[in-house]
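Remember, predicted model here, so these are calculated numbers, not experimental data. So you know, we letter chains A, B, ... as the sequences are listed, proteins then strands, and number each from 1. In what follows, every heavy atom counts, from backbone to side chain, and hydrogens, waters and symmetry copies are set aside.
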Amino acid sequence: MSTLKAVRGTRDLLPPETELWNRVEETARRVFARYNFGEIRTPIFEDTSLFARSVGEETDIVSKEMYTWEDRARAQSEKAQSLTLRPENTAGVVRAYIEHKLGDKGLLQKLFYIGPQFRRERPQKGRYRQFWQIGAEVIGPPSAGSESPLRDAEVLEMLASFLNELGIKDWKLTLNSVGSASDRPRYIAALREALKDKAPKMCVDCQRRAETNPLRVLDCKVPEDQPIIEALPKIAEYLDDDSKTHFAAVCAALDACGVPYEVNPRLVRGLDYYTRTTFEFSHGGLGAQNALLGGGRYDGLSEAIGGPKAPGIGFAIGEDRLILTLQAQAEAAPGGLADAYVAPLGEAMNAPALELARELRRTGLRIELGDGSFRLKKSFEVGNKLASRIVLFGEDEQKSGILTVKDFATGEQVKVARADLIHHLRG
RNA sequence: GCGGCUAUAGUUCAGCGGCAGAACGCCUGACUGUGGCUCAGGAUGUCGUGGGUUCGAUCCCCACUAGCCGCCCCA
């Protein structure tokens, strides 16, 4: 019988790596809090139609990557409901926004989330079937200023601060506008038209993309295709005046606060709900999955799933990829040594040693407690791996109240009165 | 979903159609209340799983599973 393993594309996160995960999440919470974001936690599964209607029926995510099942019917007369493990979190947040009438307060809602998402793709480095996203959404009625380009710039500036504070080096922000809900179809139609006679001269992938998803042709990396792509219609030429001024205002605000970026007219995002501003922060050294985070504006999403007009902008950070990047930067893991290893000498000292450890731990010291059945040599060996100092605690020490403390780094050994132990270990 | 590479000790990896190997780590001792350095000794294991070829398979063949890389796509 084969032993059970974590299923394909999923994995266990173990110490000390989990320490990094906590650091990432703490940093996100701290930074987002400065911008007055509040946390939202939505269910891990939702009605399938939520994703079909928001992300888009024709996208890869919805058409082939979702974990979907028929829930048991609650009554004989009822038909089974189709449920899906969330492949992303924006749809759930907007659903919650609508369901709880958050827009009725007349204010902008600023919400962030941290949690697992699920997509059934072929696993690879930086791509998992259960992966974690840290994301945020700024959404509200237009009267609250939800369409303002200032919001876009503020979110981008927040992300830059987050990455910098985390210590991510050499990130790159790429920016584009895919136009309003009406610009986009006009542009796609023009692209299809232009591709009619160009596509046959391009690579096989592009020939297919020209049919299935013309925007993707812009992403092609085949060198021979580049001149053809350059000559294709540009999205910028199809933006209406509102979209143009909106995008210009986003850029101007970023310039003003010194956030570096690059406009890439070819940056297209795969989710149907994106309008106007789209962006991506990328990082080399992640292989084929170089996108650290992505996001954009979704002015029509709420209405698409039956809600009020509620434009918004948001992003999702690939936490797994962020961790990989931090690990690659090899900031020499701090190690995580305890302050002291308390070594009971003899099993009779185990119970008194637990009490001593308790006393020390209550003051916030990080203590490893050994085992009285260990020979002294073994206590030293184990202690040396786990802590920066060892505290010997045998019957002599218990009687006299004078403990022996040895510093592993210096080899220095001293006698310390039990009453002074906390002070000594602090120093 | 498609293509390629890979799977041997706790870890990193050699290896060969005929007794399963190294380094590091681990255990024991030199040193019975003193770690690191040194020295001596010891144990590593369903050779990913299931079939096939063969007198004999860890090795060759097939399938499966998993990981990595690329494609697609995305975080």
Whole-angstrom distance between [N] and [M], as gauged at atom [atom1]:
N: B:rG21; M: B:rU58; atom1: C1'; value: 12 Å
N: B:rU32; M: B:rG36; atom1: P; value: 14 Å
N: B:rG15; M: B:rA23; atom1: C1'; value: 15 Å
N: B:rC62; M: B:rG4; atom1: P; value: 12 Å
N: B:rU34; M: B:rA43; atom1: C1'; value: 27 Å
N: B:rC68; M: B:rC61; atom1: C1'; value: 24 Å
N: B:rC64; M: B:rG3; atom1: P; value: 11 Å
N: B:rC24; M: B:rU38; atom1: P; value: 9 Å

By the 4.0 Å heavy-atom rule, please label [X] as base, sugar-phosphate, or nothing.
X: A:G294; result: sugar-phosphate
X: A:G9; result: sugar-phosphate
X: A:R120; result: sugar-phosphate
X: A:E121; result: base

In whole angstrom, what separates [X]'s [atom1] from [N]'s [atom2]?
X: A:I317; N: B:rA75; atom1: CD1; atom2: P; value: 12 Å
X: A:E88; N: B:rA75; atom1: CD; atom2: C1'; value: 11 Å
X: A:R122; N: B:rC2; atom1: CZ; atom2: C1'; value: 8 Å
X: A:Q124; N: B:rG70; atom1: CD; atom2: C1'; value: 7 Å
X: A:E280; N: B:rC73; atom1: CD; atom2: P; value: 13 Å
X: A:K125; N: B:rG67; atom1: NZ; atom2: P; value: 13 Å
X: A:Q117; N: B:rA75; atom1: CD; atom2: P; value: 11 Å
X: A:L322; N: B:rA75; atom1: CG; atom2: C1'; value: 10 Å

Name the pairing partner of [N], where a pair is Watson-Crick or G-U wobble with both distances under 3.5 Å, or state none.
N: B:rU28; answer: B:rA40
N: B:rC68; answer: B:rG4
N: B:rG21; answer: B:rC13
N: B:rA63; answer: B:rU49
N: B:rC73; answer: none

Going by the side-chain hydrogen bond (donor to acceptor under 3.5 Å, both in side chains) test, name the single residue among A:R276, A:R297, A:H246 that passes it with A:E147.
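Among A:R276, A:R297, A:H246, the one meeting side-chain hydrogen bond (donor to acceptor under 3.5 Å, both in side chains) with A:E147 is A:R276.
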Classify the ring geometry between A:W132 and A:W21 as parallel (under 30°), tilted (30 to 60°) or perpendicular (over 60°).
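Taking A:W21 first and then A:W132, their aromatic rings stand perpendicular (interplane angle over 60°).
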Should the pair A:F162 and A:F32 be assigned to parallel (<30°), tilted (30 to 60°) or perpendicular (>60°) ring geometry?
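Rings of A:F162 and A:F32: tilted, as their planes differ by 30° to 60°.
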Tell me if the side-chain of A:R127 makes a donor-acceptor pair with the base of B:rA75, cut-off 3.5 Å, by modelled atom types.
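No pair found.
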Would you call A:K406-A:E412 a salt bridge at under 4.0 Å N-O?
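Result for this pair is no, no salt bridge flagged.
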cation_pi(A:R11, A:Y128) dist<6.0 Å, angle<=45
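Yes, A:R11 lies over the aromatic ring of A:Y128.
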Is it true that the NZ or CZ of A:K378 lies under 6.0 Å from the centre of A:F374's six-membered ring and within 45 degrees of the ring axis?
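Yes - A:K378 lies over the ring of A:F374, closer than 6.0 Å to its centre and within 45° of its axis.
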Under a 3.5 Å threshold, yes or no: a donor from one side chain and an acceptor from the other, between A:T42 and A:N89?
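There is such a pair between these side chains.
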Mapping A:G318 and A:R8 to their closest nucleotides on RNA chain B, which lands nearer the 5' end?
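In this pair, the answer is A:R8.
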Check whether the ring centres of A:Y274 and A:Y298 lie less than 6.0 Å apart, and answer yes or no.
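Not close enough - the centres of the two rings lie 6.0 Å or further apart.
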Protein proximity profile, nucleotides 25-36 of chain B - base contact B, sugar-phosphate-only contact S, no contact -, cut-off 4.0 Å on heavy atoms:
-SSSS---BBBB
Out of B:rA66, B:rA75, B:rG3, which nucleotide sits closest to the side chain of A:L271?
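So the nucleotide nearest the side chain must be B:rA75.
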Do A:R389 side-chain atoms and A:L425 backbone N/O form a donor-acceptor pair below 3.5 Å?
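It does hold such a pair.
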Looking at the angle O4'-C1'-N9-C4 for a purine or O4'-C1'-N1-C2 for a pyrimidine, is B:rC19 syn or anti, with syn meaning within 90° of 0?
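What B:rC19 shows is a syn base, its glycosidic angle lying within 90° of 0.
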